[in-house]
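As structure tokens, the structure follows; a few thoughts come after it.
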Amino acid sequence: MIIYEDSCAVVIENVKDFNIHHIFSSGQSVRWKKQKDNSYICVVKDKIINVSQIDDILYFKNTNLDDVKNFWVNYFGLDVNYSIIKKEILNISPNLSHIIDFGSGLRILNQDEWETLITLILSANNSMQILEKVVDNLCSRYGDYIGEYEGEKYYSFPTPNKLSSLSLDELRECKVGFRDKYIKSTSTVIYNNDIDLYNLNKLDTKSCLDNLRELSGVGEKVADCVAMLSMKKYDVFAVDVWIKRIMEDIYFSNKSNSVKKIRSFAVDKFGDLSSFVQQYLFFFARQNKVGKS
DNA sequence: ATCCAGGTGATCA
DNA sequence: TGATCACATGGA
């Protein structure tokens, strides 16, 4: 991996096991917006960033060399060797080879804990399509205006202080639906620091999940996703409707297994690789509509 | 029109 | 513990 800065972008060459389109259609983030030129734009850390890929070369625009080295490499998991991860997964379960090949460029991002938490609470019994619009509503109304980039206005994700100050009606106007009380409660707890969200990553996985589960609107699945997507806890296996379908297709003989059973089966089987397996499975199942029509 | 969407919390046996 | 249900919203 070679990193340097040229006149119009910071460039990383020789990037393996990385496909920006896999990553941004994997449901990990609903904030990155695809552009007409196949690049993606997002506000992260209160700055507008543009990322694109051509073959095994990545281009980061509107940033600098230090930020790429100190932040973006970690954000995109570029310091993780996925060829080893894939090999180890296949050692455990060789029948996953076509599923790993299908999502060969997936990476687990390292996103902000707070933004991930609220987004995942809003994802409950919701579609990705609508979730994206709800998050956009919250950002454009209650986030900070960051600036304009190529003719488009961008906003940050609203802070715990801001969200906790909103009334249930104001939240409903952003189309959060019945999750209004979850957002109100959880943002208040985080704002008051009753749960130290930004230090949960220092705890062991079980304690981390237990803390998350105390928050309103956070159950097994959301806690697993927050731990995996923002706290580098990879010995968790989030089971949603898609994962349940494809896991039963591959590993079970019937379709009436409890979420808890599937979850513990996977964590026992895959250990610290559980979240990576979950990402490959989810991507394959959703893209191919496994178990649908 | 009816069902479903990256589920959770409350209730009841 | 385990099963069942309501819950806002909008797209297919």
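Quick note: numbers below take in every heavy atom, side chains included, and nothing from hydrogens, waters or symmetry partners. Residue numbers begin at 1 in each chain, while the letters A, B, ... track the order of the sequences.
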Just to be sure I understand the rule, does A:Ser256 reach a base, reach only the sugar-phosphate, or reach nothing, if contact means heavy atoms closer than 4.0 Å? nothing
May I have the distance from A:Gln129 (atom CD) to B:dG6 (atom C1'), rounded to whole angstrom? 14 Å
Between A:Phe282 and B:dG6, do the rings stack, that is, sit under 5.5 Å apart with planes less than 30° off each other? yes
Would you call A:Asp224 and A:Arg263 a salt bridge, using N to O less than 4.0 angstrom? yes
Take atom P in B:dA10 and the same atom in C:dA8, then report the distance between them in whole Å. 14 Å
DNA chain C: A:Glu173 or A:Lys260, which has the more 5' nearest nucleotide? A:Lys260
Within the 4.0 Å heavy-atom criterion, would you say A:Lys175 contacts the bases, only the backbone, or no part of the nucleic acid? sugar-phosphate
Could you check which of B:dG6, B:dA5, B:dT8 has an atom nearest any side-chain atom of A:Asn125? B:dA5
Is there a side-chain contact between A:Arg179 and the phosphate of B:dT8, meaning an N or O under 4.0 Å from OP1 or OP2? no
Where do A:Asp169 and A:Ser167 land on the side chain to side chain donor-acceptor pair (under 3.5 Å) test, with the steps shown first? CA-CA 5 Å; A:Asp169 283 340; A:Ser167 67; 5.3 Å; no
Touch check for A:Leu215, heavy atoms < 4.0 angstrom, all strands: base, sugar-phosphate only, or nothing? sugar-phosphate
Between P of C:dG2 and NZ of A:Lys261, the distance in whole Å: 12 Å
By the 4.0 Å heavy-atom rule, please label A:Ser216 as base, sugar-phosphate, or nothing. sugar-phosphate
What is the distance from CG of A:Asp136 to C1' of C:dG10, rounded to the nearest Å? 15 Å
Figure out the CG/C1' separation between A:Leu138 and C:dA8, and round it to whole Å. 14 Å
Option passing ring-ring contact (aromatic ring centres under 6.0 Å, His included) with A:Tyr40 (candidates A:Tyr59, A:Phe24, A:Trp32): A:Phe24
So, A:Asn161 and A:Thr159: side-chain donor and acceptor under 3.5 Å apart, yes or no? no
Contact class for A:Val239 (heavy atom, under 4.0 Å): base, sugar-phosphate, or nothing? nothing
Measure from CG on A:Asp180 to C1' on B:dG7 and round the result to the nearest Å. 16 Å
Tell me if the aromatic rings of A:Tyr145 and A:Tyr154 count as close, with their centers under 6.0 Å from one another. no
Whole-Å distance separating the NZ atom of A:Lys181 from the C1' atom of C:dC7: 7 Å
note: A:Ile130, atom CD1; C:dT9, atom C1'; distance rounded to Å ~ 5 Å
Measure from the side-chain heavy atoms of A:Val222 and tell me the nearest of B:dG6, B:dA5, B:dT8. B:dT8
Please report the distance separating the P of B:dG6 from the corresponding atom of C:dA3, rounded so that it comes out in whole Å. 24 Å
Taking only N and O in the side chain of A:Arg245, is any of them less than 4.0 Å away from OP1 or OP2 of B:dA5? yes
OP1 or OP2 of C:dG11 sitting under 4.0 Å from any side-chain N/O of A:Lys133? yes
In terms of side-chain heavy atoms of A:Gln279, which of B:dT8, C:dA8, B:dG6 is nearest? B:dG6
In whole angstroms, the gap separating P of B:dA5 from CH2 of A:Trp242 amounts to 7 Å
Between A:Ser127 and A:Gly217, name the one whose nearest nucleotide on DNA chain B is closer to the 5' end. A:Ser127
Tell me the closest heavy-atom pair linking A:Lys221 and A:Val239, and the distance in Å. CG-O, 3.6 Å
Just checking A:Arg213: base, sugar-phosphate only, or nothing, at a heavy-atom cut-off of under 4.0 Å? nothing
Under 4.0 Å, heavy atoms only, any strand: does A:Val218 hit a base, just the sugar-phosphate, or nothing? sugar-phosphate
